[in-house]
Participant: 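Pasting a structure here, questions to come.
As the structure lists them, so they are numbered: ligands from 1, and atoms in each ligand from 1. Values below: all heavy atoms of this structure, side chains included; hydrogens, waters and symmetry mates excluded.
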Amino acid sequence: MNIVLLGAPGAGKGTQAAKLVSEYDIAHISTGDILRAAVKNMTPLGKEAKTYMDKGDLVPDYVVIGLVKERLQEKDTEKGFILDGFPRTTAQAVALTSELADLGRNIDAAIAVVVDPEVIVERLTSRRLCHACGHIGTAAITECPVCGGQMYQRDDDKPETVRNRLDVYEKSTAPLLDYYKGADLLVEVDGDRPVDTVFADIRAALAKN
Ligand code: AP5
Ligand code: MG
């Protein structure tokens with residue numbers, strides 16, 4: 001099962017990806033997570049990416065496309081994968097289609113998690129993540145319920161940065177819904193409901209594939 005997860009910042013892509021990974025035992029490819037790891041390790045890639053991420057802008061296409069192409073060469077992706085946060089521009093979507101064709105693979109579904117922007121601002125400014133295991137939670141918890149690690153706030157979850165990320169999404173990424181609709185792969189799911197209800201809809205849509 002090869003899945004693309006679309007949705008605005010804070011729509012719940014990471015939350016649903018974690019559930020899909022454990023349900024279908026497929027590889028999780030989050031370009032945001034890969035870039036944040038590079039920033040943390042202060043690699044040349046991380047230093048370049050940070051200037052864009054701190055503002056809530058997109059990292060250049062050639063950088064992200066290169067990362068995903070490399071990641072798709074890894075063995076664990078052969079059992080299936082979920083792309084979380086990629087593609088985000090038409091150029092990225094076209095590059096993905098072409099790379100998968102070269103690899104003799106295809107996308108089974110592009111799932112768009114749809115949530116109202118005002119709900120998103122609220123969600124992101126109160127989001128917290130676990131330093132140790134990456135668990136996604138809220139400001140209501142200070143200790144990770146999965147591993148006991150310390151929770152932290154992402155640098156790009158400040159209200160002004162969140163608003164720019166939402167604008168960037170509308171301008172650069174929302175048009176991809178039409179791209180995948182045209183390919184007859186788009187499934188839209190209402191993401192403004194409890195996590196398990198959203199997941200049940202996604203699972204039901206994938207079962208029809
Ligand atoms: P990235 O890490 O991909 O961030 P994003 O797309 O902005 O999305 P988020 O991770 O913020 O939100 P999410 O949808 O995963 O929501 P979550 O599940 O955490 O990208 C970060 C940056 O990296 C970009 O701005 C860009 O600079 C760069 N980048 C990454 N990919 C790139 C690419 N392809 N091209 C160029 N640049 C790229 O949930 C959010 C909160 O809501 C959590 O607190 C969660 O607990 C809560 N929540 C989730 N679901 C529900 C629900 N159903 N009900 C109530 N609360 C919920
Ligand atoms: Mg995420």
Participant: Among all the protein's non-hydrogen atoms, which is closest to atom 23 (O) of ligand 1, and how far away is it?
Facilitator: Met53 CE, 3.4 Å
Participant: What protein heavy atom sits nearest atom 8 (O) of ligand 1, and how far off is it?
Facilitator: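 Protein heavy atom at minimum distance: Lys13 NZ, 3.1 Å.
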Participant: May I ask you to list the atoms of ligand 1 that are less than 4.0 angstrom from any heavy atom of Val64?
Facilitator: 33 (C), 34 (N), 35 (N), 36 (C)
Participant: Given Ala91, Gly137, Ala139, Gly134, which has its nearest heavy atom closest to atom 44 (O) of ligand 1?
Facilitator: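 The nearest heavy atom belongs to Gly137.
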Participant: Please check if the number of heavy atoms outside Gln150 that lie under 6.0 Å from its CD is greater than 12.
Facilitator: no
Participant: Indicate whether the side chain of Asp61 and that of Thr89 have a donor and an acceptor atom separated by less than 3.5 Å.
Facilitator: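 There is such a pair (donor and acceptor under 3.5 Å, judged by atom type) between the side chains of Asp61 and Thr89.
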Participant: Answer yes or no: is there a side-chain heavy-atom contact under 4.5 Å between Val39 and Asp155?
Facilitator: no
Participant: Does Lys40, at its NZ atom, have more than 12 non-hydrogen atoms belonging to other residues, nucleotides or ligands within less than 6.0 Å?
Facilitator: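 Open.
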Participant: Where is the nearest protein heavy atom to atom 16 (O) of ligand 1: which residue, which atom, and how far?
Facilitator: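 Checked against all protein heavy atoms, atom 16 (O) of ligand 1 sits closest to Gly12 N, 3.2 Å.
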Participant: Around atom CG of Asp102, are there more than 12 heavy atoms from other residues, nucleotides or ligands closer than 6.0 Å?
Facilitator: yes
Participant: Around atom 18 (O) of ligand 1, find the nearest protein heavy atom and jot down its residue, atom name and distance.
Facilitator: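 Checked against all protein heavy atoms, atom 18 (O) of ligand 1 sits closest to Thr15 OG1, 2.6 Å.
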Participant: Do Asp57 and Asn164 pair up side chain to side chain, a donor and an acceptor below 3.5 Å, judged on atom types alone?
Facilitator: yes
Participant: Are Leu166 and Val121 close enough that some pair of their side-chain heavy atoms sits under 4.5 Å apart?
Facilitator: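 Yes, close enough: below the 4.5 Å cut-off.
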Participant: With no hydrogens and no angle check, just 3.5 Å: does a side-chain donor-acceptor pair link Arg123 and Thr138?
Facilitator: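 Side chains of Arg123 and Thr138: no pair found under 3.5 Å.
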Participant: Starting from atom 37 (N) of ligand 1, which protein heavy atom do you reach first, and at what distance in Å?
Facilitator: Val59 N, 3.1 Å
Participant: Determine whether any heavy atom of Arg128 lies closer than 4.0 Å to an atom of ligand 1.
Facilitator: no
Participant: Could you tell me whether the side chain of Asp25 reaches within less than 4.5 Å of the side chain of Val21, counting heavy atoms only?
Facilitator: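 Answer no - side chains too far apart.
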Participant: What do you reckon, is CD of Glu78 surrounded by more than 12 foreign heavy atoms closer than 6.0 Å?
Facilitator: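 Correct, the count exceeds 12.
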Participant: At a 4.0 Å threshold, what atoms of ligand 1 neighbour a non-hydrogen atom of Asp156?
Facilitator: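 Per the distance check, 21 (C).
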Participant: Taking only heavy atoms of Ala8 into account, list the atoms of ligand 1 that are under 4.0 Å away from them.
Facilitator: 14 (O)
Participant: Does some side-chain heavy atom of Leu186 sit less than 4.5 Å from a side-chain heavy atom of Leu177?
Facilitator: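 Counting from C-beta outward, Leu177 and Leu186 do come under 4.5 Å.
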Participant: Determine, considering heavy atoms only, which of Asp57, Leu124, Leu35 sits nearest to atom 26 (C) of ligand 1.
Facilitator: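 Comparing heavy atoms across Asp57, Leu124, Leu35, the nearest one to atom 26 (C) of ligand 1 lies in Asp57.
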Participant: Which option, Lys55, Arg154, Arg123, owns the non-hydrogen atom nearest atom 50 (N) of ligand 1?
Facilitator: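 Result: the heavy atom closest to atom 50 (N) of ligand 1 is in Arg123.
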Participant: Would you sort out whether Arg36 and Asp33 count as a salt bridge (charged side-chain N to carboxylate O under 4.0 Å, His left out), showing the intermediate values?
Facilitator: CA-CA 5 Å; Arg36 275 185 292 280; Asp33 287 350; 2.8 Å; yes
Participant: Among protein heavy atoms, which lies nearest atom 43 (C) of ligand 1, and at what distance?
Facilitator: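 For atom 43 (C) of ligand 1, the nearest protein heavy atom is Ile136 CG2, 3.5 Å.
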Participant: Would you mind listing which atoms of ligand 1 come within a distance below 4.0 Å of any non-hydrogen atom of Gln92?
Facilitator: 33 (C), 34 (N), 35 (N), 36 (C)
Participant: So do Ile111 and Ile3 actually touch side chain to side chain, heavy atoms under 4.5 Å?
Facilitator: yes
Participant: Going by distance only, is there an N or O of Gly85 that falls short of 3.5 Å from an N or O of ligand 1?
Facilitator: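 Yes, there is a polar N/O contact under 3.5 Å.
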Participant: Tell me whether Tyr52 has any N or O atom under 3.5 angstrom from an N or O of ligand 1.
Facilitator: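 No - when backbone and side-chain N and O of Tyr52 are compared with those of ligand 1, no distance drops under 3.5 Å.
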Participant: Looking only at protein heavy atoms, which one is nearest to atom 33 (C) of ligand 1, and how far off is it?
Facilitator: Arg88 CD, 3.2 Å
Participant: Can you tell me if Arg193 has a non-hydrogen atom under 4.0 Å from ligand 1?
Facilitator: yes
Participant: N/O to N/O below 3.5 Å, does that happen between Arg165 and ligand 1?
Facilitator: yes
Participant: Quick one: which ligand 1 atoms are inside 4.0 Å of a heavy atom on Gly191?
Facilitator: 53 (N)
Participant: Crowded around Arg71 CZ? As in, over 12 foreign heavy atoms under 6.0 Å?
Facilitator: yes
Participant: Output the list of atoms in ligand 1 that are nearer than 4.0 Å to some heavy atom of Gly14, sorted by atom number.
Facilitator: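 Listed by number with element: 13 (P), 15 (O), 18 (O).
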Participant: Starting from atom 12 (O) of ligand 1, locate the nearest protein heavy atom and write down its residue, its atom name and how far away it is, to 0.1 Å.
Facilitator: Gly10 N, 2.8 Å
Participant: I need the atoms of ligand 1 closer than 4.0 Å to a non-hydrogen atom of Val195, numbered in the order shown.
Facilitator: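 Per the distance check, 50 (N), 51 (C), 52 (C), 53 (N).
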